[in-house]
Amino acid sequence: QVHLVESGGGLVQAGGSLRLSCSASGNPLSRYAMGWFRTAPGKEREVVARISGSGSITHYADPVQGRFTISRDHAKNTVYLQMNILKYEDTAVYYCAQARGMIGTSRIYDYDYWGQGTQVTVSS
């Protein structure tokens, strides 16, 4: 059983930065791809970024490309999401999730374990 806990969310002004962390207990994360997703008010959950099990492959959704960076620290069993130049439309609950395989996809149903989410609010 894997237990994921996100942290680092909060209130920030547009143009600011936040770094989200996702810590895992249970099985080591290192074998599996990880993803960050978000759910904005009135919208469906969407992928933000994902990283392969090795950390060598990353993918970003178009709206965050060039502003967000996903990374992982195998020794700490933690995945990060550095968010820069935040925009009002980035306001959402952010979730980390562990994929079923080593590469990962953008499909929600390919992820088996989810954290409880952390709120990110960007004021305009």
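In this chain, residues are counted from 1 in sequence order. Keep in mind that the numbers below use all heavy atoms, side chains included, and drop hydrogens, waters and symmetry copies. These numbers come from a predicted model, not from an experiment.
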Interatomic distance, S52 atom OG to I103 atom CD1 [nearest 0.5 angstrom]: 5.5 Å
Does a side-chain heavy-atom distance below 4.5 Å link V12 with M83? no
Do C96 and L4 have side-chain heavy atoms sitting under 4.5 Å apart? yes
For the residue pair R19 and Y80, establish whether any side-chain heavy-atom pair is separated by less than 4.5 Å. yes
Using atom types as modelled and distance alone, determine if a side-chain donor or acceptor of R38 lies under 3.5 Å from a backbone N or O of A92. no
Can you measure from CD1 (I108) to OG1 (T39) and round to the nearest 0.5 angstrom? 7.0 Å
For the atom pair OH (Y88) and OG1 (T121), what is the distance rounded to the nearest 0.5 Å? 9.5 Å
I'd like to check F68 versus D90 (side-chain heavy atoms, cut-off strictly below 4.5 Å). Are they in contact? yes
What pair of heavy atoms forms the shortest contact from Y94 to L81, and how long is it? CD2-CD2, 4.2 Å
Applying the 4.5 Å side-chain criterion to the ILVMFWY set and letting contacts propagate, would V64 and L18 be lumped into a single cluster? yes
Apply side-chain contact (heavy atoms from CB on, under 4.5 Å) to S54 and M102, showing your working. CA-CA 8 Å; S54 68; M102 295 179 62; 5.9 Å; no
Looking at every non-hydrogen atom in both residues, tell me the closest pair between Q82 and S17 and how far apart they are. NE2-CB, 4.0 Å
Check for me whether the distance between the ring centres of F37 and Y111 falls short of 6.0 Å. yes
Can T91 and Q119 be said to form a side-chain contact (heavy atoms from CB on, under 4.5 Å), step by step? CA-CA 8 Å; T91 296; Q119 176 71 47; 4.1 Å; yes
Can you see which heavy atom on I51 is nearest to which on S71, and at what distance? CD1-CA, 3.8 Å
Side-chain contact, heavy-atom cut-off 4.5 Å: L20 with Y95? no
Is there a donor-acceptor pair under 3.5 Å between the side chain of R72 and the backbone N or O of G55? no
Could you check whether any side-chain heavy atom of S106 comes within less than 4.5 Å of a side-chain heavy atom of H59, counting everything from C-beta outward? no
d(S123 OG, Q13 CD) to nearest 0.5 Å is 5.0 Å
Side-chain heavy-atom pair S21, K76 within 4.5 angstrom cut-off: no
Distance col, row E6:CD vs S23:OG, nearest 0.5 angstrom, shows 9.5 Å
Atom CD in E89, atom OG in S124: separation rounded to 0.5 Å? 9.5 Å
Do V47 and W36 belong together in a cluster built from hydrophobic side chains that touch within less than 4.5 Å? no
What about V93 and W114, same hydrophobic cluster or not, with Ile/Leu/Val/Met/Phe/Trp/Tyr joined at side-chain heavy-atom distances under 4.5 Å? yes
